[in-house]
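This report refers to the structure that appears directly beneath it.
Please read all numbers here as calculations on a predicted model, not as lab measurements.
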Amino acid sequence: MLEPEVGQTIEQLRRECTAAGFDLVQPLQVGWYNAQVSGSLRLEDYGSPANLALVIGNTRALWAPFLRALRSDPALLSAAHPLYTYTEQCITRAASGLARPWCLRWSHAGGERLVAMQRLAHVAGLAYLSESQLSVHAEYGPWIGLRAALSIDLPGPPGPAPQLAHPCGGCTGRCRPAFDRAIAAITGTVDAAAVEQHWRLWLACRDACPTGQQYRYPEEQILYHYRKDRNQLRQACRTRPNAS
């Protein structure tokens, strides 16, 4: 059972993150994740592997608050990566009210700030890391985004770490063949540029998953996530002025 201060802290963060569209907030002990990675991938534990970390993500609920923010702040639309900037602004704002030391790291960061986000989500019990390299939530399926890892100098949830079962039972007949086709289309490194170039094949991996199909992202959200098309984002702001 969580200590009262810990429970209150998590609920406060969950409320603020959810209001901004980051509606997935899952606690874990830092040590559950750190035991599975090494070097700079490890998260700050403030002296104890039993301390608290949170993996923060979103469902399609992110899209409407993001569009509202873009319409209200033209500078955000001009940022190098509007969604990354929005993510950092909102989640940092939520964390800034914490009374204990904290450390944020981002899924879009690289180098020494890199986090194995899919592994983090798996050990936290948020989403199963499947053999088709999809993070599959028990309800929302693969229609989620993993955005941030937040470590806090507070005790984490009691152990042991949750043991997730595959929500769909396996990927062999559906998602894995789609994944193999996407991999086969790439002749070099599997990086963001390669995914963008072959985005329809990577989208097919998600579409092949039978879990959470009713939570599929809107088409405009899919296009922006995969293609990062600034003109498409501007069009979304114009065509959905009252998105909620």
Side-chain angles (χ1 to χ4, degrees), residues 1-34 42-69 72 83-109 115-129 135-141 143-164 167 212 215 217 243-244:
M1 185 174 181
L2 291 170
E3 295 183 9
E5 181 184 0
V6 178
Q8 292 167 9
T9 296
I10 293 171
E11 286 311 306
Q12 173 193 337
L13 286 164
R14 183 173 283 121
R15 285 194 302 270
E16 295 187 29
C17 288
T18 297
F22 303 98
D23 55 336
L24 300 176
V25 178
Q26 182 76 15
L28 68 151
Q29 289 186 19
V30 177
W32 298 347
Y33 165 78
N34 281 353
R42 293 166 65 89
L43 298 178
E44 173 62 60
D45 68 3
Y46 295 100
S48 172
N51 272 343
L52 177 65
L54 298 170
V55 54
I56 301 172
N58 63 272
T59 66
R60 64 183 182 181
L62 171 65
W63 194 238
F66 178 48
L67 292 184
R68 287 198 297 270
S72 66
L83 182 57
Y84 297 164
T85 299
Y86 175 74
T87 297
E88 292 185 16
Q89 288 176 348
C90 294
I91 298 177
T92 300
R93 187 182 305 120
S96 64
L98 294 173
R100 299 295 190 96
W102 53 273
C103 180
L104 264 171
R105 291 169 70 170
W106 311 104
S107 63
H108 54 265
V115 182
M117 289 297 296
Q118 289 182 296
R119 178 58 53 191
L120 178 67
H122 184 99
V123 299
L126 177 64
Y128 185 92
L129 178 52
S135 289
V136 185
H137 188 277
E139 180 177 2
Y140 301 111
W143 299 103
I144 63 172
L146 302 173
R147 302 296 170 189
L150 173 60
S151 342
I152 309 173
D153 188 13
L154 282 170
Q163 299 298 311
L164 289 183
Y215 299 106
Y217 293 162
S244 61

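- With sequence neighbours excluded, the residues forming a salt bridge (Lys or Arg N to Asp or Glu O under 4.0 Å) with E5 are R100, listed by chain and number.
- Side-chain N or O atoms of N51 include none that pairs as donor or acceptor with a backbone N or O of S151 at under 3.5 Å.
- Counting heavy atoms from C-beta on, the side chains of W32 and P157 come closer than 4.5 Å.
- The main-chain N or O of A127 is never found under 3.5 Å from a side-chain atom of S135 such that the two would form a donor-acceptor pair.
- Annotation: salt bridge (charged side-chain N to carboxylate O under 4.0 Å, His left out) contacts involving residues 6-19, sequence neighbours excluded, comprise E11-R14.
- By the 4.5 Å heavy-atom criterion applied to side chains, L28 and L120 are counted as neighbours.
- The side-chain heavy atoms of P27 and L54, taken from C-beta on, include a pair separated by under 4.5 Å.
- At least one donor-acceptor pair closer than 3.5 Å links the side chain of Y217 to the backbone N or O of I144.
- Using a distance-only test at 3.5 Å, with no hydrogens or angles considered, a donor-acceptor pair links the side chain of R42 to the main chain of N34.
- Partners of Y140 under the ring pair (Phe, Tyr, Trp, His ring centres under 6.0 Å) rule, at least two apart in sequence or in another chain, are H137, Y215.
- Residues that satisfy the ring pair (Phe, Tyr, Trp, His ring centres under 6.0 Å) test with Y46, not counting sequence neighbours, are absent from this structure.
- Not a single donor-acceptor pair under 3.5 Å links the side chain of T92 to the backbone N or O of Q89.
- Taking A50 as the reference, Q29, S48 meet the side-chain contact (heavy atoms from CB on, under 4.5 Å) condition, with sequence neighbours excluded.
- Judged by distance alone, the side chain of Q26 and the main-chain N or O of L126 form no donor-acceptor pair under 3.5 Å.
- In this structure, the ring pair (Phe, Tyr, Trp, His ring centres under 6.0 Å) partners of Y84, at least two apart in sequence or on a different chain, are H81, H108.
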